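To find a chain, count down the sequence lines: A is the first, B the second, and so on, and within it residues start at 1. The figures here come from the full heavy-atom set of this structure, side chains too, leaving out hydrogens, waters and symmetry mates. Every value quoted in this text rests on a predicted model; they were computed, and no experiment measured them.
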There are 2 protein chains.
Amino acid sequence: MPTILNSEHMLRTAGLRVTRPRIAVLTAVYDNPHADTDSIIGVVRDELGAVSHQAVYDVLRALTAAGLVRRIQPSGHLARYESRVGDNHHHVVCRSCGSIADADCAVGTTPCLTASDDHGFAIDEAEVIYWGQCPDCLTTQTSSPTRSP
Amino acid sequence: MPTILNSEHMLRTAGLRVTRPRIAVLTAVYDNPHADTDSIIGVVRDELGAVSHQAVYDVLRALTAAGLVRRIQPSGHLARYESRVGDNHHHVVCRSCGSIADADCAVGTTPCLTASDDHGFAIDEAEVIYWGQCPDCLTTQTSSPTRSP
DNA sequence: CACCCAAACTTGATTGATTCAAGAAATTGG
DNA sequence: CCAATTTCTTGAATCAATCAAGTTTGGGTG
């Protein structure tokens, strides 16, 4: 996790003003990978006291736009944020409990970045989400198969 | 697009009761790839007259659970539905206008299905979303680069 | 060092897709 | 044809996220 000075420098380098809410949010995302907005609000309030949810929403948007954090939002789930940026890693999402883990793709650093037919689109990112069951849900489940034979 | 008889057979085969709303929704998804729920409601009402939005939501959920249609929901966008199922194709999404096109991955039929480290997850699907700019938005845009050098 | 102004935060309300709930209608197996 | 369960209708509720207006603050300027 970044120190306050590191956070400050990261913000300045990105051309963002340095405020206590921004430092707290940036630190919270580093300390809590894949946390949703509500969790981050909680962490920030533990750190600073009263902070409006609107401020956290604004900060998360600014940090995402600046490339300091990355927003991920698996289908049917809330938006989540993480600090690993720029390394083109992907995510494994549990269909049962929604937990998320990081996954570096087996193919290489930029997997599947070239679609066979891009329909004239200028593609700049390939986002991969692996869907499945996490270890906990695998052992816990007694029945309820995903798709019976 | 499937005939009414085909739709009926598909529903029965999937173990679903055959109703007019279900036939209409299934046909609408076939006729309008990547349509969102609201568009589908409109198409269904053009076909049948009054149909509750709740019915369409329920039907879309049932069809998705049965594997007759596929739900896709790019981050920050509404849920959309399509009829191509089981062929592991992917999608290109325009960052500007949100339009979606199909893309078969260059790597093969099941690209990247094995993550280098799956953290003990039992993975059953790899969902890939290519992000970029569609041809229309590429020509229209005068400035506003995504990330300046 | 005081001032200024745009950016950032607070407060409070609103949006809008989706879901929940209870009763009416329709499908299908017997 | 009838009963039982599923499905549809109606109407309300949820809740993450956004919008809006006013206040505060960061950080460069004179």
Side-chain angles (χ1 to χ4, degrees), chain A residues 4-5 7-29 34-45 47-66 68-69 71-81 98, chain B residues 4-5 7-26 28 34-45 47-66 68-69 71-81 98:
Chain A
I4 291 181
L5 283 180
S7 302
E8 206 176 314
H9 183 251
M10 292 171 69
L11 289 168
R12 275 189 217 289
T13 304
L16 299 173
R17 288 193 181 176
V18 178
T19 67
R20 284 158 57 67
R22 287 187 170 175
I23 292 174
V25 168
L26 188 52
T27 306
V29 173
H34 312 140
D36 59 26
T37 308
D38 221 50
S39 303
I40 294 171
I41 290 175
V43 173
V44 168
R45 286 184 177 158
E47 179 75 19
L48 299 185
V51 178
S52 68
H53 69 121
Q54 186 62 58
V56 177
Y57 272 98
D58 285 347
V59 171
L60 284 172
R61 174 183 302 213
L63 295 182
T64 303
L68 294 183
V69 306
R71 175 193 169 112
I72 52 182
Q73 189 176 22
S75 183
H77 292 264
L78 301 183
R80 291 156 177 267
Y81 296 86
Chain B
I4 290 182
L5 284 180
S7 302
E8 207 177 313
H9 182 251
M10 292 172 69
L11 289 169
R12 276 188 215 287
T13 304
L16 298 173
R17 289 192 180 177
V18 179
T19 66
R20 281 158 60 68
R22 288 188 169 173
I23 292 175
V25 169
L26 188 52
H34 311 143
D36 60 25
T37 307
D38 222 49
S39 303
I40 294 171
I41 290 175
V43 173
V44 168
R45 285 183 177 159
E47 180 74 21
L48 298 185
V51 178
S52 69
H53 69 123
Q54 186 63 57
V56 176
Y57 273 98
D58 285 348
V59 170
L60 285 171
R61 174 184 301 213
L63 295 182
T64 303
L68 293 183
V69 306
R71 175 192 170 110
I72 53 183
Q73 187 176 25
S75 185
H77 292 265
L78 302 183
R80 293 157 176 267
Y81 295 86

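Applying the side chain to side chain donor-acceptor pair (under 3.5 Å) criterion to B:Ser39, with sequence neighbours excluded, gives B:Asp36. Taking A:Ala14 as the reference, A:Leu16, A:Ala66, A:Leu68 meet the side chain to side chain contact (heavy atoms under 4.5 Å, CB included) condition, with sequence neighbours excluded.
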Anything under 3.5 Å between a donor and an acceptor, one on a side chain of residues 51-58 of chain A, the other on a protein residue two or more places apart or in another chain? List them.
unit_1, atom_1, unit_2, atom_2, d
A:Ser52, OG, A:Ala55, N, 3.1
A:Gln54, NE2, A:Asp58, OD1, 3.1

Under 3.5 Å donor-acceptor pairs involving side-chain atoms of residues 71-80 of chain A, not counting sequence neighbours:
unit_1, atom_1, unit_2, atom_2, d
A:Arg71, NH1, A:Tyr81, OH, 3.1
A:Arg71, NH2, A:Gln73, OE1, 3.4
A:Gln73, OE1, B:Ser75, OG, 3.3
A:Gln73, OE1, B:Gly76, N, 3.0
A:Ser75, OG, B:Gln73, OE1, 3.3
A:Arg80, NH1, A:His34, O, 2.8

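Put simply, the side chain of B:Ile41 reaches to within 4.5 Å of the side chain of B:Asp38, judged on heavy atoms.
When heavy atoms are screened at a 4.0 angstrom cut-off, A:Arg12 is found touching the sugar-phosphate backbone but no base atom. Using a 4.0 Å heavy-atom distance criterion, B:Ser52 is classed as a base contact.
Annotation: the span from B:Thr37 atom OG1 to B:Leu60 atom CG amounts to 5.5 Å, rounded to 0.5 Å.
Note on the helix from C:dC1-D:dG30 to C:dG30-D:dC1: terminal axis deviation equals 30°, with five pairs used at each end and the result rounded to 10°.
The salt bridge (charged side-chain N to carboxylate O under 4.0 Å, His left out) pairs that include a residue from residues 12-23 of chain A are A:Glu8-A:Arg12, where partners are two or more places apart or lie in different chains.
Looking at residues 38-45 of chain B, you'll see that no heavy atom sits under 4.0 Å from any atom of DNA chain D. Contacts of residues 53-62 of chain A with DNA chain D (heavy atom under 4.0 Å): A:His53, A:Gln54, A:Tyr57, A:Arg61.
Scanning DNA chain C 5' to 3' for nucleotides with an atom closer than 4.0 angstrom to a non-hydrogen atom of chain B gives a first and last hit of C:dA17 to C:dT28. Interface limits on DNA chain D: the 5'-most and 3'-most nucleotides within less than 4.0 Å of chain B heavy atoms are D:dT5 to D:dG11.
Counting all heavy atoms, side chain and backbone alike, B:Ala28 lies closest to B:Val43 at CB-CG1, 3.7 Å.
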Practice item. Decide yes or no on side chain to side chain contact (heavy atoms under 4.5 Å, CB included) for B:Leu63 and B:Leu11, but give the supporting numbers first. Key: CA-CA 8 Å; B:Leu63 295 182; B:Leu11 289 169; 3.7 Å; yes
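Residue order along DNA chain C, read from the 5' end via each residue's closest nucleotide, puts B:Gln73 first among B:Gln73 and B:Arg17.
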